[in-house]
Amino acid sequence: MTVVVRFAPSPTGYLHVGGLRTALYNYLFARKHHGRFILRIEDTDQSRYVEGAVENLMKSLRAMGLDWDAGPDKNDEKGPYFQSQRLSIYQKQITRLLETGKAYRCFCPHERLEALRKKQLTAGQAPGYDGVCRNLDPSEAEKRAHTESHVIRMRIPDEGSITFHDEIRGDVTVDFHRIDDQVLIKSDGFPTYHFANVVDDHLMGITHVIRGEEWLPSLPKHLLLYDSFGWEPPRFAHLPLLLNPDKSKLSKRQGDVAVEEYLAKGYLPQALNNFLALLGWNPGTDQEIFSMEELIDLFSLDRVNKAGAVFNVEKLNWMNQHYIQAMDETAYLKEAKKWISPHRLNERADIALLTVKNSLVRFDELPEKLKPFVSEPTELTEGEGAELMKNETTPHVLQSLRETLIQHPLEKPEDFFALMKTVQKETGVKGKNLWMSVRLALTGEIHGPELGIIAYYLGKEEIIRRVESALRKM
RNA sequence: GUCCCGUUCGUCUAGUGGUCAGGACUCAGGACUUUCAUUCCUGCAACAGGGGUUCGACUCCCCUACGGGAUACCA
């Protein structure tokens, strides 16, 4: 049997990191089993239509390297892959359920149900449909359907229970009387999630439904639907949720949740994938860094955790830094140059970029990290730097450096060390006093990359200019 | 309220009856270094509670507590 899985987001505007994790697990599972990975857009809620959301979703998915075998832009005989374009299919299928009495038309006005709900809630009862239209005469209902606004509900058995198997959670049992007569077709003719989902999963030949845990409680309804149709249900795996630091379901309010935002901050797709893969799954070894190939090779549903996982940015940061460090020079330089404006650096840009490579956590930090190279030192009036500049040896050091510089070459970073050696000999100043004076004169900062590299980057003339400027301020 | 799911260091996790409960992130200390960072070393830190079962429970069962999810003509 060929594995067929799907990622079925509703287009709400952007790709949520939780959604990405679900997509990733589906993708890994599909690739591992040489199966198919399908992208299906669940746009059955007309009121939630967001312009450009689907394009945006696909863009993020592509940026993350998750390619699908069929989807909105890759139609085939099982499509279309927009649920909003499959209305006739749902119409046809619901008829079967109506005919067998597994579903019925409900003409209850919204207001009545609303009031009913309220009453039930205040009475401390479980809210649910009271079944007024449950036993309407089908032919009578059929007639009314032409003129009256209505929905179609599924008929849940009055008694009994259902036990189902989840690949991650094991066997779960739910009583039928707990389940409401779920709406299948809304009054606007669109299907609800439950109906469209089951119909599409079956028609598209989905073999494994891998989705978030929030769907676990409604699985009985879905199973009942498969049963009503006489279809064999796929296997199900409900993934633990991604959590905020306070353990609630990961939400926008408590930090970034959009994949595009992480990308915009300079997190690498590989790092984000690696990080997300480990949030709820691990291969049982101490390994933490995985290529996509390794993840595909090692992934299995039975090693997915049951408990929710807090999305810990600290760990993601560490991982991203690791991935940046691991990039080869060419790849790094290519990426880094996307994050700086081209005119900020001189012709020795590469050495500056390479120098800050190991300290980068995210690429959006690049301009800040490059400051020691590009910024004009500002006058030091207070703080540790100002104190050091007041040091009486400082002017001597700078004078000496200026003269030495004129007489010696500076064609590579190492030349600067030789140069400083000379300054040390001539002034008798060494260690921190020597180096800090120069660092402050050149960058205006007490911290920064190795001075030899900064000096080489700046070049003789610029160094002399800055040294003289510093001397004038003293 | 009701139903469902869950619970190992602060966080991500390993662990499937006998372990000094392991690793990673964070944090602290140290080494290296002209500074910061990187790197390396060391350290702090956990089985929610109570009952069983067993010679023996983090591991199995039950209860409680806590957390989360679901209870929509949203997905």
Taking only residues two or more places apart in sequence or in another chain, which ones pass salt bridge (Lys or Arg N to Asp or Glu O under 4.0 Å) with A:K306?
none
Partners of A:F299 by ring pair (Phe, Tyr, Trp, His ring centres under 6.0 Å), sequence neighbours excluded?
A:Y25, A:W281
More 5' along RNA chain B: A:L243 or A:W281, using each one's nearest nucleotide?
A:W281
Which base sits across from B:C44 as a Watson-Crick or G-U pair, both distances under 3.5 Å?
none
Can you build the contact string for nucleotides 30-36 of chain B? Use B for base contact, S for sugar-phosphate-only contact, and - for no protein heavy atom under 4.0 Å.
----BBB
With rounding to the closest Å, how many angstrom separate the C1' atoms on B:C12 and B:U8?
12 Å
Over 60° means perpendicular and under 30° means parallel, so tell me whether A:Y267 and A:Y262 are parallel, tilted or perpendicular.
tilted
For atom CG of A:D43 and atom C1' of B:C73, their distance in whole Å:
16 Å
Taking the six-membered ring for Trp, is the centroid-to-centroid distance between A:Y81 and A:W68 below 6.0 Å?
no
In whole angstroms, how far is the P atom of B:C73 from the CD atom of A:Q83?
17 Å
Whole angstrom is fine here: how far is it from CH2 in A:W215 over to P in B:G69?
14 Å
For A:R211, report the nucleic acid contact type (base, sugar-phosphate, nothing); a contact means any heavy atom under 4.0 Å.
nothing
Show each protein N/O and nucleotides 1-5 of chain B N/O combination with a separation under 3.5 Å, one pair to a line.
unit_1: B:G1; atom_1: O2'; unit_2: A:G124; atom_2: O; d: 3.4
unit_1: B:C3; atom_1: O4'; unit_2: A:R178; atom_2: NE; d: 3.1
unit_1: B:C5; atom_1: O2'; unit_2: A:R169; atom_2: NH1; d: 2.6
unit_1: B:C5; atom_1: O2'; unit_2: A:E213; atom_2: OE2; d: 2.9

Mind checking the C1' distance from B:U11 to B:G52? Whole angstroms is fine.
33 Å
Side-chain N or O of A:T44 less than 4.0 angstrom from OP1 or OP2 on B:A75?
yes
P gap between B:C55 and B:C20, integer Å:
22 Å
What does A:H238 touch in the nucleic acid at a heavy-atom separation under 4.0 angstrom: a base, only the sugar-phosphate, or nothing?
nothing
I'd like to know if A:K315 reaches the base of B:A24 with its side chain such that a donor and an acceptor end up less than 3.5 angstrom apart.
yes
Assign the ring pair A:W339 / A:F363 to parallel, tilted or perpendicular, where the plane angle (0 to 90°) is split at 30° and 60°.
parallel
Nearest-neighbour nucleotide for the A:S359 side chain, B:A75, B:A37, B:G69 considered
B:A37
Side-chain donor-acceptor distances from residues 319-328 of chain A under 3.5 Å, at least two apart:
unit_1: A:N320; atom_1: OD1; unit_2: A:L268; atom_2: N; d: 2.7
unit_1: A:N320; atom_1: ND2; unit_2: A:G266; atom_2: O; d: 3.1
unit_1: A:N320; atom_1: ND2; unit_2: A:V361; atom_2: O; d: 2.6
unit_1: A:Q321; atom_1: NE2; unit_2: A:N358; atom_2: O; d: 3.2
unit_1: A:Y323; atom_1: OH; unit_2: A:N274; atom_2: OD1; d: 2.5
unit_1: A:Y323; atom_1: OH; unit_2: A:F290; atom_2: O; d: 2.9
unit_1: A:Q325; atom_1: NE2; unit_2: A:N358; atom_2: O; d: 3.0
unit_1: A:D328; atom_1: OD1; unit_2: A:T330; atom_2: N; d: 3.1
unit_1: A:D328; atom_1: OD1; unit_2: A:A331; atom_2: N; d: 2.9

Does B:A14 have OP1 or OP2 under 4.0 Å away from a side-chain N or O of A:N282?
yes
Short side-chain N/O contact from A:R303 to OP1 or OP2 of B:G15, under 4.0 Å:
yes
Of residues 318-327 of chain A, the positions that come close to RNA chain B - non-hydrogen atoms, cut-off under 4.0 Å
A:W318, A:Q321, A:Q325
Check nucleotides 60-62 of chain B for protein N or O atoms closer than 3.5 Å to its own N or O atoms and list the pairs.
none

Which one is paired to B:A75, where only Watson-Crick or G-U wobble pairs with both distances under 3.5 angstrom count?
none
Watson-Crick/G-U partner (both atom distances under 3.5 Å) of B:U7:
B:A65
Does a sphere of radius 6.0 Å around CD in A:Q125 hold more than 12 heavy atoms from other residues, nucleotides or ligands, not counting ones at 6.0 Å or beyond?
yes
Looking at A:K119, I'd like to know if its NZ atom is crowded, meaning that more than 12 non-hydrogen atoms belonging to other residues, nucleotides or ligands lie closer than 6.0 Å.
no
Report yes if the distance between the aromatic ring centroids of A:F311 and A:F275 is under 6.0 Å, otherwise no.
yes
For A:K247, the side chain to side chain donor-acceptor pair (under 3.5 Å) test, sequence neighbours excluded, returns none
Rounding to an integer number of Å, can you tell me how far A:N274 CG sits from B:C25 C1'?
13 Å
Quick one: is A:K247 getting a side-chain N or O under 4.0 Å of the B:C66 phosphate, OP1 or OP2?
no
Would you kindly check whether a donor in the side chain of A:S187 faces an acceptor in the base of B:C73, or vice versa, at under 3.5 angstrom?
yes
So what's B:U2 paired with, Watson-Crick or G-U wobble, going by both distances under 3.5 Å?
B:A70
Sequence-distant partners of A:R105, salt bridge (Lys or Arg N to Asp or Glu O under 4.0 Å), two or more places apart:
A:E142
So, is A:K249 close to the B:G6 phosphate, meaning a side-chain N or O under 4.0 Å from OP1 or OP2?
no
Quick one about A:R144 and A:H150 (side-chain donor to acceptor, distance below 3.5 Å, no hydrogens or angles considered), yes or no?
no
From the list B:G22, B:U38, B:C73, which nucleotide is the closest neighbour of the side chain of A:V183?
B:C73
Base-pairing mate for B:C32 - Watson-Crick or G-U, with both contacts under 3.5 Å:
none
Atom pair SG (A:C106) and CD (A:E148), whose distance is rounded to the nearest 0.5 Å
11.0 Å
Nearest to side-chain heavy atoms of A:R153, which nucleotide of B:G69, B:C73, B:C25
B:C73
List for me each residue that meets side chain to side chain donor-acceptor pair (under 3.5 Å) alongside A:D130, sequence neighbours excluded, and say none if there are none.
A:R112
According to the ring pair (Phe, Tyr, Trp, His ring centres under 6.0 Å) rule, which pairs have a member within residues 416-435 of chain A, sequence neighbours left out?
A:F417-A:W435
So CD1 of A:I453 and CG of A:L354: to nearest 0.5 Å the spacing works out to 9.0 Å
Quickly work out the A:N244 CG to B:C12 P distance and round it to whole Å.
12 Å
Output the rounded distance in Å from CG (A:D246) to P (B:C66).
17 Å
Between A:K369 and A:F311, name the one whose nearest nucleotide on RNA chain B is closer to the 5' end.
A:F311
Euclidean distance for P, B:G43 against B:G22 (whole angstrom):
11 Å
With sugar-phosphate meaning primed atoms plus P, OP1 and OP2, does A:G128 contact a base, only sugar-phosphate, or nothing at under 4.0 Å between heavy atoms?
nothing
Give A:V310 one of three labels, base, sugar-phosphate or nothing, depending on what nucleic acid heavy atoms sit under 4.0 Å from its own.
sugar-phosphate
Nucleotide nearest A:N305 (side chain, heavy atoms from C-beta), chosen from B:U13, B:C12, B:C73:
B:U13
Output all residues satisfying salt bridge (Lys or Arg N to Asp or Glu O under 4.0 Å) with A:R21, sequence neighbours left out; order by chain, then residue number.
none
For the side chain of A:R48, starting at C-beta, report the closest nucleotide among B:U13, B:C73, B:A75.
B:A75
